[in-house]
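For the single chain, residues carry numbers from 1 onward in sequence order. When a ligand or atom number is given, it counts from 1 through the structure's own listing order.
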Amino acid sequence: MPKILTVVGARPQFVKAAALSRALKENAIEEILVHTGQHFDENMAEIFFRQMDIPEPKYNFGLNSLSHGAMTGRMLEEIEKVLLIEKPSAVVVFGDTNSTLAGALAASKLNIPVVHVEAGLRSFNMKMPEEINRILTDRISSYLFCPTEVAIKNLKAESFENFGINIIYSGDIMYDVALYYSRVSGEKSTIINDSGLNKKQFILTTLHRQENTDDLTRLNAIISALNILSGEYQIVLPIHPRTRKILESNHIKLNFGPIDPVGYFDMVELLKHCKMVITDSGGVQKEAFFFGKHCLVARDETEWTELVDLNYNFMVGADTKKIIETVEKVSKSNAKFDVKPYGDGNAAEKIALYLKNL
Ligand code: UD1
Ligand code: UDP
């Protein structure tokens, strides 16, 4: 049986790992979990390990709050040490964070096969740290598990078929996660009642992308839209620590009270019962769709273009007027969310079956 070493570090990876860890366990595949420590607050990290099916990390490097180079470099060094001790059959990395790139780079330099889950995505914006991370990770991987047909097309356009890499359509592992945990989230979470939220009336919003938080013009424009909207709607903003710090240090005022980041069960309940979503998150854009909600994407481009093409999601950038107008338009929609661009909810099982035969 192969021995799989999984590298996680940031919130989206904990969520994705939950599905793969369960599938590995069901297939009796040994998994060693390595946590870089990139995310570390209780509600950004620990809560996911407590609530979801993720094994305890065997290693946690506690590497966070550093510049991109320092963070990635130090992770690389620590992951290499672990790989030399554990000698896994393959290393699994998810998505596009600094932890993803560090894991992929450490393994590939030791000629250990890299398995990239959520491969082939592109925003075509090389200023995004995530775009750099995902392109480099794809290129040094041995297995690229793609969540969408668009992702496969992107890889073909970059001649990945010539690089001797296995390119496999798996569907989106986040869809597996959403389906699985939405069955129990209603029993586990009390956030809707506890927060006095009116079902289908509130707007769920998340905001953390560097391109928004580190550009005060963009940040002010988005916050201004949320402040205006808070006159008509309840706004629920589980606030990322990066965003909280920047709002506070720049004295940018919210007309509504943000809440701490929430665990996945609460997040699912908020997604199920909100009126719509406004976000710059990659994962939340799709989760809105999984739960039948329109989503305004507060970015200038997205990796999940199919949802925009299908008129479920709307690109609103950091444009106050566009955000408000789009909320008005969307609030009248009675669209049916009945297409399936993200597979059948069995991505993790498909990936595990490949890993079994390594
Ligand atoms: C990272 C990922 C981003 C992903 C996001 C998910 C990179 C380059 N970026 O962005 O792709 O969408 O995670 O949430 O890897 N912080 C805390 N407590 C925490 C976590 C972070 O205070 O638990 C603070 C850090 O100290 C730092 C800031 O938030 O000052 C940013 O953290 P960092 O991990 O560098 O990037 P994210 O914005 O979280
Ligand atoms: N998420 C969560 N609680 C929150 C905000 C987000 O559980 O307060 C979940 C979200 O639903 C998604 C995951 O965290 O499944 C990753 O989202 P994030 O926005 O952190 O990262 P991205 O997808 O943009 O990389």
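- Protein heavy atom at the shortest distance from atom 25 (O) of ligand 2 is P12 CG, 3.4 Å.
- With respect to E42 and R50, a salt bridge is recorded, a charged nitrogen being found less than 4.0 Å from a carboxylate O.
- Backbone and side-chain nitrogen or oxygen atoms of N98 are examined, and one is located within less than 3.5 angstrom of a nitrogen or oxygen of ligand 1.
- Ring-plane geometry between Y59 and F61 is classed as tilted, the angle between the planes lying from 30 to 60 degrees on a 0 to 90 degree scale.
- Set against the non-hydrogen atoms of P261, the atoms of ligand 2 under 4.0 Å away are 8 (O).
- Using a 4.0 Å cut-off to heavy atoms of R209, the atoms of ligand 1 that qualify are 3 (C), 4 (C), 11 (O), 12 (O).
- Taking the charged nitrogens against the carboxylate oxygens, R74 and E77 have no contact shorter than 4.0 Å, which rules out a salt bridge.
- For ligand 1, the atoms closer than 4.0 angstrom to any heavy atom of E130 are 3 (C), 9 (N), 11 (O).
- If you look at H240 next to ligand 2, there are no close heavy atoms at all, none under 4.0 Å.
- In this structure, Q13 contributes its side chain and G9 its backbone to a donor-acceptor pair below 3.5 Å.
- The contact set between ligand 2 and P238, taken as ligand atoms under 4.0 Å from a residue heavy atom, comprises 8 (O).
- The pair D176-K16 fails the salt-bridge criterion, with no side-chain N (NZ, NE, NH1 or NH2) lying under 4.0 Å from an Asp/Glu carboxylate O.
- Residue D41 approaches ligand 1 through these ligand atoms, each under 4.0 Å from one of its heavy atoms: 17 (C), 18 (N), 19 (C), 22 (O), 23 (O).
- When H39, R134, Q13 are ranked by how near their heavy atoms come to atom 39 (O) of ligand 1, first place goes to H39.
- Atoms of ligand 1 lying under 4.0 Å from at least one heavy atom of M44, given by number and element, are 19 (C), 23 (O).
- Proximity to M174 (heavy-atom distance under 4.0 Å) selects the following atoms of ligand 2: 12 (C), 15 (O).
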Before you tell me yes or no, could you show the steps for S123 and E130 under side-chain hydrogen bond (donor to acceptor under 3.5 Å, both in side chains), namely the whole-Å CA-CA distance, both residues' side-chain angles and the distance that decides it to 0.1 Å? CA-CA 9 Å; S123 67; E130 292 85 358; over 6 Å; no
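- Protein heavy atom nearest atom 17 (O) of ligand 2, with residue, atom name and distance: S281 OG, 3.8 Å.
- At the shortest separation from atom 10 (C) of ligand 2 among protein heavy atoms lies E287 OE1, 3.3 Å.
- Remark: atom 29 (O) of ligand 1 lies closer than 4.0 Å to at least one protein heavy atom.
- A salt bridge does not link K127 with E211: none of the charged nitrogens is closer than 4.0 Å to a carboxylate oxygen.
- Close contacts between ligand 1 and M71 involve ligand atoms 35 (O) [criterion: under 4.0 Å to a heavy atom].
- Residue contacts with ligand 1: H68 is placed with no nitrogen or oxygen under 3.5 Å of a nitrogen or oxygen of the ligand (distance criterion only).
- Remark: minimum distance from atom 19 (C) of ligand 1 to any protein heavy atom is reached at F40 CE2, 3.5 Å.
- The aromatic ring centres of F94 and H116 sit 6.0 Å or more apart.
- Counting only heavy atoms of the protein, atom 4 (C) of ligand 2 lies nearest to R11 NH1, 3.3 Å.
- Classification of D280 and R299 as a salt-bridged pair fails, no side-chain N sitting under 4.0 Å from a carboxylate O.
- Checked options E303, E158, E301; the residue passing with R122 is E158 (criterion: salt bridge (charged side-chain N to carboxylate O under 4.0 Å, His left out)).
- The shortest contact between atom 5 (C) of ligand 1 and any protein heavy atom is with H208 NE2, 3.6 Å.
- Aromatic ring centres of F337 and F291: separated by at least 6.0 Å.
- Annotation for ligand 1: atoms under 4.0 Å from non-hydrogen atoms of K245 are 22 (O), 24 (C), 25 (C), 26 (O), 30 (O).
- For ligand 1, none of its N or O atoms has an N or O atom of P12 under 3.5 Å away.
- Contact annotation for E130 and ligand 2: no heavy atom of the residue comes within less than 4.0 Å of the ligand.
- Distance from atom 24 (O) of ligand 2 to its nearest protein heavy atom, with residue and atom name: G282 N, 2.8 Å.
- Those atoms of ligand 1 with a heavy atom of S65 less than 4.0 angstrom away are 25 (C), 26 (O).
- Here is the list of ligand 2 atoms found below 4.0 Å of a heavy atom in V15: 13 (C), 15 (O).
- The contact set between ligand 2 and G283, taken as ligand atoms under 4.0 Å from a residue heavy atom, comprises 22 (P), 23 (O).
- Look at R209 and you'll find a heavy atom under 4.0 Å from some atom of ligand 2.
- Note on K322 versus E328: no salt bridge recorded, every NZ/NE/NH1/NH2 to OD/OE distance being 4.0 Å or above.
- For the pair A45 and ligand 1, no heavy-atom separation below 4.0 Å is found.
- Using cut-offs of 30° and 60° for the angle between ring planes, the Y181 and F265 rings count as tilted.
- Look at D300 and R218 and you find a salt bridge, because one of the NZ, NE, NH1 or NH2 atoms lies within 4.0 Å of a carboxylate O, short of that distance.
- The ligand atoms of ligand 2 that sit less than 4.0 angstrom from a heavy atom of Y264 are 7 (O), 15 (O).
- Between F290 and Y175, the ring center distance clears the sub-6.0 Å criterion.
- Of all the listed residues (Q38, R242, E46), R242 holds the heavy atom that lies closest to atom 38 (O) of ligand 1.
- Nearest protein heavy-atom contact of atom 8 (O) of ligand 2 is V262 N, 2.9 Å.
- Between F14 and F48, the two ring planes are tilted [angle within 30° to 60°].
- Between K25 and D53 there is no salt bridge, since no side-chain N of the basic residue sits under 4.0 Å from a carboxylate O of the acidic one.
- By the criterion of a heavy-atom distance under 4.0 Å, neither the backbone nor the side chain of Q210 is placed next to ligand 1.
- Judged purely by atom type and a 3.5 angstrom limit, H294 uses its side chain to pair as donor or acceptor with the backbone of Y312.
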